[in-house]
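What follows is a set of notes on a single structure, which appears directly below.
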Amino acid sequence: MTTLDQPALGEPGGYAPEPDLGTPPVASQADATVTIDGRQVTVPAGTSVMRAAAVAGIDVPKLCATDSLKAFGSCRMCLVEVDGARGTPASCTTPCADGMVVSTQTEQVQRLRRNVMELYLSDHPADCQGCARGSCEMQAMAVTVGAVEARYGNGRDHLAESSYDASNPYFDYDPAACIVCSRCVRACGEVQGTFALTVEGRGFDSRITPGGTDFLSSECVSCGACVQACPTSALQEKSLIELGMPTRVVDTTCAYCGVGCSFRAEVQGTGEDTQVVRMMPAKTGGANEGHSCVKGRFAYGYTNHPDRQLHPMVRDSIDDEWRVVSWEEAVAKAADGFSAIQRDHGVGAIGGISSSRCTNEEVYVVQKMVRAAFGNNNVDTCARVCHSPTGYGLNQTFGTSAGTQDFKSVEQADVVLLIGANPTDAHPVFASRLKRRLRQGAQIVVADPRRIDLVHGPHVEAAAHLPVLPGSNVAFVNAMAHTVVTEGLHDEAFLRERCENVDSYLAFIARPENSPEATEEVTGIPAEQLRAAARLYAEAPNAAIYYGLGVTEHSQGSTMVMGMANLAMITGNIGREGVGVNPLRGQNNVQGSCDMGSFPHELPGYRHISRPEVRAIYEDLWGRTLDPEPGLRIPNMFDSALAGTFRGLYVQGEDIAQSDPNTQHVEAALRSMDLVVVQDLFLNETARFAHVFLPGTSFLEKDGTFTNAERRINRVRPALPPRQGKDEWQITCDIAAAMGFPMPYAGAHEIMDEIAATTPTFAGVSFARLDAEGSMQWPVTDAAPHGTPTMHVGEFVRGKGNLVETVYVPTTERTNRRFPLVLTTGRILSQYNVGAQTRRTANQTWHPEDILEIHPADAHVRGISTGDLVELSSRVGSTTLRAEVSERMPAGVVYTTFHHPVTGANVVTTENSDWATNCPEYKVTAVEVGVANARGLTDAEAAARDEREPAGRS
Amino acid sequence: MGNDIARQLAHLDEEEAVTRIVAHLDRFWDPRMRRTLQALAAAGDDTLDPRLAAAARRL
């Protein structure tokens with residue numbers, strides 16, 4: 001008897017698609033035991049006969065069913081007979097009842113299936129390329145059901161005459177091969193939540209259409225769920241059409257956003273000749289459960305882009321040409337240079353920046369090199385410029401620097417309060433999960449200056465959109481908490497049992513200056529609207545907060561994070577599924593890079609460097625004395641560089657010259673240094689100021705782990721060896737060794753073993769355990785050997801939850817007559833951060849340049865129309881880009897992305913930063929916008945391109 | 001930067017604010033930044049928030 005209701009892993013070493021059990025799993029307390037073709041199987045009650053059969057090892061033929069979609073019952077291939085029941089029901093739509101006896105291969109159902117299959121074949125091309133290739137199930141299914149005759153003749157290949165749609169850069173649509181099973185339509189709705197596809201026409205004229213246009217012009221977001229769902233080759237990856245079927249599979253993790261989707265890299269060939277055929281999201285992936293977005297599934301072409309640098313290079317001055325050298329020479333130049341700087345200017349004159357795109361293991365060795373080989377704590381990471389306030393704020397209030405839930409938790413949420421985040425663009429796979437929950441009836445309140453897609457969209461209608469003015473978040477969250485407390489909606493019992501500073505906080509928040517009425521002018525939110533939102537949040541059985549960089553990237557970012565934690569605590573929305581305070585982290589391993597001790601004041605596991613007992617763990621292991629004082633943060637490194645006390649920097653996979661605020665200041669700092677070592681895939685903006693370039697590896701070449709926004713540690717496995725000949729962790733270790741501190745590891749697994757041995761929250765983590773479990777969410781300890789999906793259950797990590805008085809202190813960045821608008825920045829779906837990866841893929845099709853969104857009234861008074869080139873200027877600089885007049889924006893606020901170096905959005909952002917963590921205030925810059933001189937842009941563009949495109953290897 | 005910390009803690013009474021500023025600087029600032037701040041406070045830099053200056057003297 002089989003009770004296992006989980007798909008098994010594919011055969012190692014060969015290609016096999018992930019098992020498809022036909023219909024989704026059913027959650028039920030009760031079991032049902034059924035007998036199928038003489039085999040007894042126990043499944044949760046309500047499971048379909050088709051799925052139960054698959055669990056028992058019996059494949060019922062199917063075409064319209066797949067286990068990512070609700071049963072549809074249209075293809076009539078999965079008919080079965082049930083003892084005592086009339087007719088031949090479809091097994092996909094028939095639930096198991098205890099004691100049921102099912103036959104899947106009676107003569108009657110075999111005859112029916114053959115006939116149905118013949119009808120399908122009469123309308124399917126006899127020369128179907130997909131069938132020949134093996135990517136179309138039709139011929140194989142015909143063989144399975146014994147449909148060898150074609151009694152209905154070769155059919156019309158219906159709609160063969162209609163146009164083949166190759167408009168999407170990643171997949172083709174061939175209506176001739178389509179059997180109109182609607183799997184694609186349902187995937188677009190149920191899985192992705194975009195509803196871009198529909199069936200048009202009746203009978204033979206039925207066809208799938210993306211809304212009466214081609215795919216590229218349609219609402220399609222190119223997530224690929226339809227391609228994945230298609231049982232024929234009607235929707236097919238271009239890469240598969242070109243290369244043919246994969247021959248092996250490597251299970252790995254996406255290298256884009258903080259959702260951290262699990263993928264099967266389906267590849268051909270071995271070793272250096274390996275080619276990726278397609279990236280298939282893994283149904284067993286805890287973060288994504290079989291879904292993906294346009295970036296993760298399709299935008300991997302950058303790993304093979306001609307701009308990719310594969311050889312170490314050096315130069316004496318940043319005005320010189322690069323010279324290709326051996327690894328030994330490049331490493332020696334870096335190590336000797338760093339040592340010389342320390343000799344002349346002191347131990348603290350150098351430092352390193354680790355990357356949130358690199359693995360935990362690669363990041364860990366960077367901080368180890370800085371602390372042990374450099375002998376200081378001048379290590380920081382790009383989380384400084386995104387979620388450092390999350391680390392500070394959640395640590396102060398809850399006792400740990402991470403989100404409280406897993407992504408799946410949102411399926412239990414009744415009200416979602418989304419603040420300063422745009423998940424459909426920046427965290428698309430989480431957005432799909434969220435939208436599914438909203439379609440089930442949960443409500444969402446969107447607090448964001450822009451009218452993002454989750455305010456109003458297909459089957460999504462926010463309960464409220466609160467366009468909080470940039471810079472007023474703390475006033476907003478205080479007004480929410482004020483409403484909750486003064487209207488008596490707070491959870492007194494939770495506060496008394498689980499929290500501290502309760503009375504002082506309640507007295508503080510009840511003050512009149514925190515009321516929605518008092519803050520209305522600052523936040524821009526009418527008091528009654530805010531009160532209604534607060535009541536909705538407080539009165540929900542389960543209310544969850546999700547937030548993004550619209551919270552953190554402010555001068556009061558840390559205060560706002562604590563304000564949200566307060567709101568969750570006073571309503572008791574912490575410590576169970578469906579609730580919590582959840583940062584949507586920007587980069588694939590930004591959580592991990594913080595966990596690994598990349599901050600200058602913390603050793604791995606968020607333990608302060610001043611703690612002697614923690615330093616002793618590392619001092620004993622490494623044989624070096626560690627500096628007990630915190631080191632420089634990234635902005636402090638720039639300031640110290642300009643002051644002459646910081647002169648050498650190692651930058652791993654991070655483009656500070658493009659991503660950090662006030663570009664002129666950053667460039668001046670980089671220019672002033674004696675030695676800048678850049679380790680990256682490409683000669684990025686920062687490399688313009690580098691003296692040593694060390695080529696890095698793409699995620700397809702890495703062996704290690706990423707940790708996503710839900711603290712999930714996922715394995716990253718190499719599909720091919722490092723194209724430049726060296727693992728990235730090894731490069732770092734080589735520099736450390738050349739500076740007299742060997743860091744020998746036989747492989748990345750040994751680095752994780754060291755992390756686990758020295759970091760209590762990672763105690764139970766190893767590559768072997770991750771390989772066995774799939775993934776684990778830290779803490780992984782003796783008490784939680786399989787990890788911890790939900791944190792702070794019963795007790796906060798710090799003991800009592802700490803209610804912090806979050807006084808609203810306005811930013812010093814103010815609008816005035818000269819700079820009357822506020823600029824805020826963000827991301828778009830098809831591009832990713834500074835664009836180093838996505839700009840080198842066909843994702844450019846959707847977003848070839850950064851656009852300035854501006855409200856119609858603001859545009860009108862300035863004579864700006866959509867498509868105009870406009871000059872955007874702030875107190876620190878100006879840039880030129882194209883405008884889009886958009887009612888998504890509130891009056892007085894403009895918005896752009898920062899994906900393209902030619903735009904240089906950060907030329908205009910200021911050095912204002914979060915008071916506690918120095919996280920830059922990207923979200924609030926006072927600006928003016930005016931129509932630009934078109935000729936000026938052309939010149940500037942040309943100059944920028946000349947200067948910034950990677951130089952050819954000499 | 002230091003003034004931003006002082007502004008955030010302006011609602012506290014002076015003693016508590018200064019204590020918290022000192023703790024924050026100890027915990028998150030590199031020693032050379034603290035020394036710079038101390039030098040500015042010692043020189044009577046009037047751009048420093050008075051509580052920050054008091055904290056600097058106590059470092």
Side-chain angles (χ1 to χ4, degrees), chain A residues 345-349 351 376-380 388 391-392 395-396 474 504 508 511 513 554-559 562 599-602 608-611 627-633 635-637 639-640 643-646 804-812 911-918 921, chain B:
Chain A
H345 301 281
V347 168
N376 62 45
N377 292 311
N378 295 330
V379 61
D380 207 354
S388 51
Y392 178 89
N395 199 25
Q396 294 284 316
V474 175
S504 56
F508 156 74
R511 283 191 216 146
E513 68 261 30
H554 285 85
S555 62
Q556 333 78 355
S558 291
T559 312
M562 295 188 287
F599 286 140
H601 65 282
E602 282 172 342
H608 201 273
I609 191 75
S610 63
R611 289 169 58 184
D627 183 348
E629 293 281 3
L632 295 168
R633 301 178 283 204
N636 313 145
M637 290 179 189
D639 292 341
S640 301
T645 64
F646 188 80
V804 177
E805 292 179 33
T806 48
V807 176
Y808 169 58
V809 178
T811 173
T812 53
E911 280 176 79
N912 265 23
S913 68
D914 173 48
W915 66 274
T917 67
N918 270 168
E921 191 169 45
Chain B
M1 197 187 312
N3 283 343
D4 291 339
I5 300 168
R7 288 176 67 233
Q8 284 291 331
L9 303 176
H11 62 287
L12 302 174
D13 66 50
E14 170 136 8
E15 177 53 32
E16 190 180 349
V18 172
T19 305
R20 296 258 301 264
I21 295 169
V22 170
H24 190 92
L25 300 182
D26 270 340
R27 214 168 155 73
F28 297 106
W29 278 33
D30 175 272
R32 84 190 74 175
M33 293 162 62
R34 281 183 243 145
R35 282 195 295 274
T36 306
L37 179 66
Q38 283 171 308
L40 290 173
D45 187 321
D46 60 8
T47 64
L48 297 186
D49 184 291
R51 291 172 169 200
L52 178 66
R57 285 189 288 274
R58 211 184 284 180
L59 277 170

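Quick note on labels: first sequence line is chain A, next is B, and so on, each numbered from 1.
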What are the two closest non-hydrogen atoms of B:I5 and A:W915, and how far apart are they?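 Closest heavy-atom pair between B:I5 and A:W915: CG1-O, 3.4 Å.
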Please classify the contact of [X] with chain B as side chain, backbone, both or neither, using a heavy-atom distance under 4.5 Å.
| X | result |
| --- | --- |
| A:D639 | side chain |
| A:E602 | neither |
| A:T806 | neither |
| A:A643 | neither |

Contact listing (chain A partner; residues 30-38 of chain B; heavy atom under 4.5 Å):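 Residues of residues 30-38 of chain B touching chain A at under 4.5 Å: B:D30, B:P31, B:R32, B:M33, B:R34.
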When only heavy atoms count and the cut-off is under 4.5 Å, which of residues 42-59 of chain B reach chain A?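 Residues of residues 42-59 of chain B touching chain A at under 4.5 Å: none.
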Approximate separation, where rounding is to 0.5 Å, of B:H24 NE2 and A:Y392 OH: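 Separation between the atoms: 5.5 Å.
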To the closest 0.5 Å, what do you measure between NE2 (B:H11) and CZ (A:R511)?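 Those atoms lie 7.5 Å apart.
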Taking salt bridge (Lys or Arg N to Asp or Glu O under 4.0 Å) as the test, write out the residues that go with B:R20, two or more places apart.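 Expected list: B:E16.
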Heavy-atom contact with chain A under 4.5 Å, split by part of B:D26: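 The backbone, not the side chain.
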Residues forming a ring pair (Phe, Tyr, Trp, His ring centres under 6.0 Å) with A:H608, sequence neighbours excluded: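 Ring pair (Phe, Tyr, Trp, His ring centres under 6.0 Å) check on A:H608 returns A:H601.
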Using the side-chain contact (heavy atoms from CB on, under 4.5 Å) definition, which of the options A:N636, A:D914, A:N912 pairs with B:M1?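 The option that passes is A:N636.
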Would you say A:E629 and B:W29 make side-chain contact, with heavy atoms under 4.5 Å?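 When only atoms from C-beta onward are counted, B:W29 and A:E629 do not touch, as no gap falls below 4.5 Å.
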Between A:S558, A:G348, A:P635, which shows the greatest number of heavy-atom pairs under 4.5 Å with chain B?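 Winner by heavy-atom pair count: A:G348.
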Counting distance only, does the side-chain N/O of B:R7 pair as donor-acceptor with the main-chain N or O of A:P810 below 3.5 Å?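 Checked: pair present.
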